[in-house]
Structures are given as C-alpha cells and as structure tokens.
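Let me begin by presenting the structure, written as structure tokens, before commenting on it.
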Amino acid sequence: MAAKIPVKAIYTGSDVTSLGEFTSSDTIAGSYLTDGSVTAAKLAADAATQAELDTVSTVASAALPKAGGTLTGTVTVSANAVGTVTTDNDGSFAMSATNNFKCTPTGNFTLTFTSIVAQSGNILLVNSGGHTVAAHANTKVDANLLATVSTAGTYLLAYFSDGTNVYMTNSAIYT
C-alpha cells in the first residue's frame, strides 16, 4: 500500500476545485500551483504573513482583558464633567454640570432639575433635619419615595432623564 500525505488541492485559477490526498505515485506539477513554481521568495512571504498574524494575535491577547482580567493603561473620561459629584444643597440640580450630586438641605426643598439632558445619575441626600422633600413638575417620583426621604436619614437616589422629564428610579437608605 502506498504511503499517503494528508492533503492535495487542485487549483483552477485562484479557486480550489478539489481536495484529495497525495500518494507515492503523485508528483507536484504545475497544475497544483498557480504559476507552476515554488520559490524561496514565496515561502518567505508566507512565513512573514504568518509571523504578522501571530504578532497581531499576541498583541490583542495581551492588551484586552479576559473575564476577571485587569485593564491597564491610560483611560481618558472628556467633554462634560460627568462622573464628578457636585454639591447643591437647595435641591436644584443643573444637569449640564454633572450627573452626580450631593445635597444636605437646611430646610424644606423641591427636587428640581435644570438644563435637562438625556442622562442618568445619582443624588446623595443627607437629610439630617428631616426636611420635607417635594418634586418639581418635571421630576417624576412616587409619593411614597418622597415621604421616605422626607424623614431624617441618608439616601442614595437614582434617576434617569429622557431629555424632557427626570424619573427617580429607586432609593437606598443608609443608617
């Protein structure tokens, strides 16, 4: 029985027309190669291409974190000051300034948002005096939530906006 080499491809132009196996009686002829020749330059080009692919794969694997991995390098957060905390103790929050606020009121107040844009964020409300909290017409919030945050305590209020109204979505109470 003749020894076999696993793969043989027949090319027509640049397309593979059939796959088979080389046997000991086969010879490599021009019909198996596009131009009928194997040269050192072609082999070197194939090796260089493979080396480039290996490099790209290695760089991508090293740079991108996998599940549980750590992203390293410089991250640059630009444009508005979104992500910073702005203290505003009168309950009027300018969304053009930030999306996270801290409020320690000194009296009763109305949750009011100005410069409304589509965004979400948080308000840390430290209501140590038990001041009554109301809501402006464009601030959509459940009456039970307003009653809760009108008692003395520290609250984390989450909100999101559709660009017209602001919706208070939940609250966490800290003691």
Side-chain angles (χ1 to χ4, degrees), residues 6-7 9 14-16 19 43-175:
V7 178
S14 62
D15 297 323
V16 174
L19 293 174
L43 293 174
D46 284 347
T49 300
Q50 185 59 52
E52 288 177 34
L53 291 173
D54 290 344
T55 300
V56 168
S57 177
T58 300
V59 170
S61 293
L64 301 174
K66 279 60 165 186
T70 302
L71 179 63
T72 59
T74 303
V75 177
T76 304
V77 176
S78 62
N80 291 337
V82 174
T84 61
V85 175
T86 299
T87 299
D88 194 332
N89 294 330
D90 66 0
S92 178
F93 309 108
M95 294 176 95
S96 60
T98 188
N99 67 328
N100 295 306
F101 301 93
K102 179 179 180 187
C103 180
T104 306
T106 57
N108 298 341
F109 71 98
T110 301
L111 286 171
T112 305
F113 290 87
T114 61
S115 305
I116 297 176
V117 296
Q119 74 179 24
S120 62
N122 297 291
I123 301 169
L124 178 63
L125 173 61
V126 182
N127 192 354
S128 58
H131 304 293
T132 301
V133 180
H136 185 272
N138 66 6
T139 305
K140 309 302 181 188
V141 59
D142 184 86
N144 291 328
L145 177 63
L146 289 177
T148 298
V149 299
S150 291
T151 61
T154 301
Y155 308 92
L156 181 62
L157 306 173
Y159 72 87
F160 72 93
S161 170
D162 62 5
T164 303
N165 294 302
V166 177
Y167 301 88
M168 305 302 294
T169 58
N170 63 25
S171 173
I173 302 170
Y174 299 96
T175 57

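In this chain, numbering begins with 1 at the start of the sequence shown.
Between V117 and S161, the shortest heavy-atom distance links the atoms O-OG, 3.0 Å. L156 approaches Y174 most closely through the heavy-atom pair CB-CE1, 3.6 Å. Closest non-hydrogen pair, T164 versus I116, comes out as O-CD1, 3.5 Å. The two residues A135 and V141 have their closest heavy-atom pair at CB-CG1, 3.5 Å. Shown here for G91 and F109, the closest heavy-atom pair between the two residues is CA-CD1, 3.5 Å.
Sorted pairs that involve residues 101-118 and meet side-chain hydrogen bond (donor to acceptor under 3.5 Å, both in side chains), not counting sequence neighbours, are lacking altogether.
Side chain of Q119 to backbone of T98: a donor-acceptor contact under 3.5 angstrom is found. Judged by distance alone, with hydrogens and angles left aside, the side-chain atoms of Y155 form a donor-acceptor pair with the main-chain N or O of T148 at under 3.5 Å. Using a distance-only test at 3.5 Å, with no hydrogens or angles considered, a donor-acceptor pair links the side chain of N127 to the main chain of V149. Between the side chain of N100 and the backbone N or O of N122 there is at least one donor-acceptor pair closer than 3.5 Å.
Considering only heavy atoms from C-beta on, M168 stays 4.5 Å or farther from F160 through its side chain. Annotation: side chain of L124 is in contact with side chain of T154 (closest heavy-atom distance under 4.5 Å).
A side chain to side chain contact (heavy atoms under 4.5 Å, CB included) with L111 holds for exactly one of L125, N138, T139; it is T139.
Under the ring pair (Phe, Tyr, Trp, His ring centres under 6.0 Å) criterion, F93 pairs with F101, F113, not counting sequence neighbours. With sequence neighbours excluded, the residues forming a side chain to side chain contact (heavy atoms under 4.5 Å, CB included) with S150 are T132, V133, listed by chain and number.
With rounding to the nearest 0.5 Å, the separation of OG1 in T86 from CG in N99 is 9.0 Å. Atom NZ of K140 is separated from atom CG of D162 by 9.5 Å, given to the nearest 0.5 angstrom.
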Q: Determine, stepwise, if the pair V166 / H136 fulfils side chain to side chain contact (heavy atoms under 4.5 Å, CB included).
A: CA-CA 10 Å; V166 177; H136 185 272; over 6 Å; no

